[in-house]
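Heads up, the thing below is written out as structure tokens.
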Number of protein chains: 2
Amino acid sequence: MAEEEKTIRDGDIDQCDFICVHENVVNQVLKAMPKEQQLMDLADFFKIFGDPTRIRILYVLSQSQMCVCDIANLLQMGQSAISHQLRVLKQMRLVKFKREGKTVFYSLADGHIQTILAQGMEHISE
Amino acid sequence: MAEEEKTIRDGDIDQCDFICVHENVVNQVLKAMPKEQQLMDLADFFKIFGDPTRIRILYVLSQSQMCVCDIANLLQMGQSAISHQLRVLKQMRLVKFKREGKTVFYSLADGHIQTILAQGMEHISE
DNA sequence: TTAATATGTGAATAGCTGTTCATATGTTAA
DNA sequence: TTAACATATGAACAGCTATTCACATATTAA
């Protein structure tokens, strides 16, 4: 009956119908894949660099520690916007900060970040 | 009059009021900043890596060339979704492709990309 | 040619994200 | 204490983006 034919590929209707799959390749690659969570974390990490404001903040901080107001002035943006982004960068451990009186000085968390920025710059210069 | 006082800082109302700026630092950093467009391009480049689906596609392709259907199967996603993302990756020159009959095989554009993935992985493993 | 397979793509939509606004918090000087 | 300054933050909103759906295109076999 038609009923029986239908159930053969049940569940694949909304996805690719997977007729053309090269099983040997797929199975081998499946084994070597990192954990799902790890790839999520990696995407989240790169997402930070995927915004012009954050990239500019990181670049600015790669040259000197700086207070929030300095950054806002340099980038010609509102203090609140900068502060919000600094929070994101802080949460992702890309920047650190120290308070001196009323002023808070931000700086890059470690040299690793400059390496990644440079690597990216190298790639787009082609 | 109050009118005169107001005009002193006219235009800065919606931004930071820039009272606390350390001018010497700001001016020096301003000179060493890359062009605006270059930073935009850099952000656009990293934005590609900032999506779980694209990261997974790149990871999969780092291990073997593969057709669209293989990738969809591996990632358990619709063929259309994969195809859309492959277009983005293609436009950004992160993947290349070759047609063989009905099948289109995708692969990483160059080894540079694996380096960046590895660099990111290294950073989040801490 | 037609049928079947594999991929590409435009439109629509739901969810995410960055900025602004208003306000709160923290710090120093008077 | 109060006033002024520096930064942080929640809510709201506008713009972006990833997926789905429906269909178009491309290739091969019959």
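Throughout, a chain's letter reflects where its sequence line sits, starting with A, and its residues are numbered from 1.
A/Ser83 places no side-chain N or O within 3.5 Å of a backbone atom of A/Gln79 that could act as its donor or acceptor partner. No donor-acceptor pair closer than 3.5 Å links the side chain of B/Arg56 to the backbone N or O of B/Leu58.
In this structure, CD of A/Gln79 is placed 15 Å from C1' of C/dG18, rounded to the nearest angstrom. Rounded to a whole Å, the CD atom of B/Glu100 is 16 Å from the C1' atom of C/dT5. The CZ atom of B/Phe97 sits 15 Å away from the C1' atom of D/dT27 (whole-angstrom rounding). Spacing between atom NZ of B/Lys98 and atom P of C/dA6 amounts to 18 Å, rounded to whole angstrom units. Between the CZ atom of B/Arg87 and the P atom of C/dA11 there is a distance of 11 Å, given to the nearest Å. Counting to the nearest Å, the P atom of C/dC16 and the CE atom of A/Met40 are 12 Å from each other. Spacing between atom CZ of A/Phe105 and atom C1' of D/dA8 amounts to 17 Å, rounded to whole angstrom units. Here the P atom of nucleotide D/dT7 and the CD1 atom of A/Ile71 are 9 Å apart, to the nearest Å.
Between A/Phe105 and B/His22, the angle of the ring planes lies from 30° to 60°, which puts this pair in the tilted group.
For A/Lys90, taking side-chain heavy atoms from C-beta onward, the closest of the listed nucleotides C/dT7, D/dT7, D/dA8 is D/dA8. In this structure, the nucleotide among D/dT7, C/dT7, D/dA6 sitting nearest to the side chain of A/Lys102 is D/dA6.
Side-chain contact between B/Gln91 and B/Arg87 is present, with heavy atoms from C-beta onward closer than 4.5 Å.
Checking the phosphate oxygens (OP1, OP2) of D/dA8, a side-chain nitrogen or oxygen of A/Tyr106 falls inside 4.0 Å. OP1 or OP2 of C/dT17 has not a single side-chain nitrogen or oxygen of A/Gln85 nearer than 4.0 Å. For D/dA26, the OP1/OP2 oxygens have no side-chain nitrogen or oxygen of B/Arg99 closer than 4.0 Å.
Around CD of B/Gln119, the count of heavy atoms belonging to other residues, nucleotides or ligands within 6.0 Å exceeds 12. For CZ of A/Phe97, the number of neighbouring non-hydrogen atoms (other residues, nucleotides, ligands) closer than 6.0 Å is 12 at most.
D/dT9 has its base stacked against the ring of A/His84, the centroids being under 5.5 angstrom apart at an interplanar angle below 30°.
Listed in residue order, the members of residues 44-56 of chain B having a heavy atom less than 4.0 Å from DNA chain D are B/Lys47, B/Asp51, B/Thr53, B/Arg54.
A side-chain donor from one of A/Gln37 and A/Asp41 sits under 3.5 Å from a side-chain acceptor of the other.
With hydrogens and angles ignored, a donor-acceptor pair closer than 3.5 Å exists between the side chain of A/Ser80 and the base of D/dT9.
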